[in-house]
Amino acid sequence: MTVTDSSNRVFSGIQPTGDLHLGNYLGALINWVRMQETHECIFCIVDMHAITMTHDPRALAKATRELTAGLIASGIDTDKAVLFHQSAVPMHAQLAWILNCVARVGWLDRMTQFKDKSGKDKEGASVGLYAYPVLQAADILGYKATHVPVGEDQKQHLELARDIAERFNRTFGEELFPLPEPMIQGAATRVMSLRDGTAKMSKSDASEMSRINLADDADTITRKIKKAKTDADALPSEPAGLAGRPEAANLVNIYAALSGSDAPTVLRDFGGQGFGVFKPALADLAVEKLAPIAARFRELKGDRTMLDGILHQGAERANAIAEPILKDAKRAVGFLKA
Ligand code: TRP
């Protein structure tokens with residue numbers, strides 16, 4: 001499947017987050033950057049999903065711009081991929097309403113993310129949080145996307161999008177929506193805290209030393225890696241030897257992800273070496289890969305005019321794809337032309 005094959009279209013969405021760090025980069029952004037080389041891609045910053053839980057409006061606006069800067073700094077090329085924010089394209093809300101009337105309450109009741117996110121207070125959760133997966137289905141179907149790169153945790157939402165597409169097509173008697181296929185991201189790198197190998201790297205960790213920020217300069221990256229928590233043993237020559245050594249495993253995974261290889265390969269090279277050798281090698285690699293991104297990110301972050309321009313252009317391109325599909329869906333359900 002390549003860009004020249006117009007029967008395939010990739011769509012993916014990401015929630016706007018500020019304070020981007022290595023976990024966001026290796027877990028999500030880097031996959032999109034790779035994907036744009038081989039597929040027709042539409043990438044969406046899902047700000048409408050971001051208001052399904054209590055949120056701070058100013059933080060949301062800032063996070064949307066910051067993620068845009070992070071994506072561009074990481075290598076998203078708007079000549080290759082469409083990049084925009086969800087709320088700028090009216091199709092998402094409009095198609096979501098139609099699909100709300102296709103999806104069944106019984107289907108949504110089975111969604112585990114709603115159960116997790118609403119916690120003990122189901123009655124107090126927003127209706128938007130409950131309908132979240134239907135909006136996600138609209139995101140995908142509204143572009144007739146055929147492939148959706150997502151993490152393991154989104155598999156159930158993808159299944160729901162397929163069920164909705166299938167039921168829409170059957171109910172209204174036409175094959176309007178292709179059934180989207182999940183592309184589960186190969187063991188999407190889960191980057192852990194540099195201070196505790198059992199906790200995810202997070203912007204909310206009180207310790208700055210626990211994470212490498214996308215804006216960190218070379219010296220800061222090096223210092224954080226050299227101070228990362230480890231144990232006293234040498235590295236094993238195979239991944240099995242990392243069992244029970246979460247901090248060592250995390251650094252090996254980071255090395256593998258940054259070098260585009262895998263843990264067995266890294267351990268073939270470094271097995272038998274101590275952290276006195278491995279950490280400087282990892283620091284050099286991280287600086288080589290991240291420092292240019294960080295520099296670009298710091299530069300872009302403050303340029304609101306430029307970022308808003310990128311999103312505006314992306315929204316126009318996204319809208320041009322979505323509008324005729326939305327029209328077809330409206331016609332199919334019996335709405336008169338506006
Ligand atoms: N729910 C997805 C997540 O939390 C984000 C998302 C929204 C998405 N719409 C999408 C992902 C459409 C893929 C396709 O990761």
Side-chain angles (χ1 to χ4, degrees), residues 8-18 20 23-32 35-36 39-53 55 60 63-64 67-68 70-71 76 81-96 99-100 103 107-108 110-118 125-126 128-165 177-185 188-191 200 202-203 314-315 318 321-322 325:
N8 286 304
R9 180 178 284 151
V10 167
F11 182 97
S12 196
I14 186 170
Q15 294 238 14
T17 27
L20 294 172
N24 305 118
Y25 177 67
L26 292 178
L29 311 194
I30 204 176
N31 291 321
W32 285 14
M35 196 95 49
Q36 72 180 351
H39 299 70
E40 182 199 347
C41 290
I42 303 174
F43 296 134
C44 181
I45 299 175
V46 295
D47 53 354
M48 292 165 68
H49 281 110
I51 65 167
T52 55
M53 307 260 280
H55 79 288
L60 175 59
T64 302
L67 181 55
T68 306
L71 284 161
I76 291 293
V82 175
L83 174 66
F84 73 107
H85 61 303
Q86 192 182 27
S87 63
V89 175
M91 174 278 291
H92 297 263
Q94 294 190 32
L95 184 60
L99 300 184
N100 272 332
W107 300 357
L108 290 183
R110 287 194 283 277
M111 296 294 116
T112 56
Q113 184 175 287
F114 176 75
K115 289 177 200 167
D116 293 344
K117 286 200 179 175
S118 59
S126 77
L129 186 65
Y130 186 68
Y132 178 117
V134 182
L135 176 60
Q136 183 165 347
D139 297 342
I140 299 163
L141 303 181
Y143 297 94
K144 296 195 181 182
T146 54
H147 292 81
V148 184
V150 283
E152 192 66 38
D153 64 324
Q154 293 296 312
K155 243 170 114 172
Q156 198 185 30
H157 288 169
L158 247 289
E159 277 303 314
L160 184 87
R162 290 170 63 88
D163 289 344
I164 292 175
F177 297 122
L179 306 193
E181 299 278 349
M183 302 167 86
I184 300 300
Q185 299 292 279
T189 311
R190 230 173 141 235
V191 180
K200 234 176 133 166
S202 159
K203 66 172 177 180
I321 302 170
I325 301 170

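Because only heavy atoms are used, hydrogens play no part in the values below, and waters and symmetry mates are left out as well, while side chains stay in. Index from 1, following the sequence. In each ligand, atom 1 is the first atom listed, and ligand 1 is the first ligand listed.
The contact set between ligand 1 and Val150, taken as ligand atoms under 4.0 Å from a residue heavy atom, comprises 11 (C), 13 (C). Ligand 1 places these atoms under 4.0 Å from at least one heavy atom of Val46: 7 (C), 9 (N). Less than 4.0 angstrom separates some heavy atom of Val148 from each of these atoms of ligand 1: 13 (C), 14 (C). If you number the atoms of ligand 1 from 1 as listed, the ones under 4.0 Å from a heavy atom of His49 come out as 7 (C), 9 (N).
Looking only at heavy atoms of the protein, atom 10 (C) of ligand 1 is closest to Gln136 CG, 3.4 Å. Closest protein heavy atom to atom 9 (N) of ligand 1: Asp139 OD2, 2.7 Å. Counting only heavy atoms of the protein, atom 5 (C) of ligand 1 lies nearest to Gly13 O, 3.6 Å. Nearest non-hydrogen protein atom to atom 1 (N) of ligand 1 is Tyr132 OH, 2.7 Å.
Under the 6.0 Å cut-off for aromatic ring centres, His92 and Tyr143 qualify, their centroids lying closer than that.
Looking at His157 next to ligand 1, no N or O pair under 3.5 Å apart turns up.
Each of Thr68, Ile42, Ile45 was compared with Phe84 under the side chain to side chain contact (heavy atoms under 4.5 Å, CB included) criterion, and only Ile42 meets it.
A side-chain donor-acceptor contact under 3.5 Å links Asp47 and Ser87. Thr146 and Glu181 share no side-chain donor-acceptor pair at under 3.5 Å. Side-chain polar atoms of Asp153 and Gln113 form no donor-acceptor pair below 3.5 angstrom.
Asn8 approaches Glu40 most closely through the heavy-atom pair O-OE1, 3.8 Å.
Proximity of Ile140 to ligand 1, defined as any heavy-atom pair under 4.0 Å, is confined to the side chain (atoms from C-beta onward).
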Could you please spell out the steps behind the ring-ring contact (aromatic ring centres under 6.0 Å, His included) verdict for Phe11 and His39? CA-CA 10 Å; Phe11 182 97; His39 299 70; over 10 Å; no
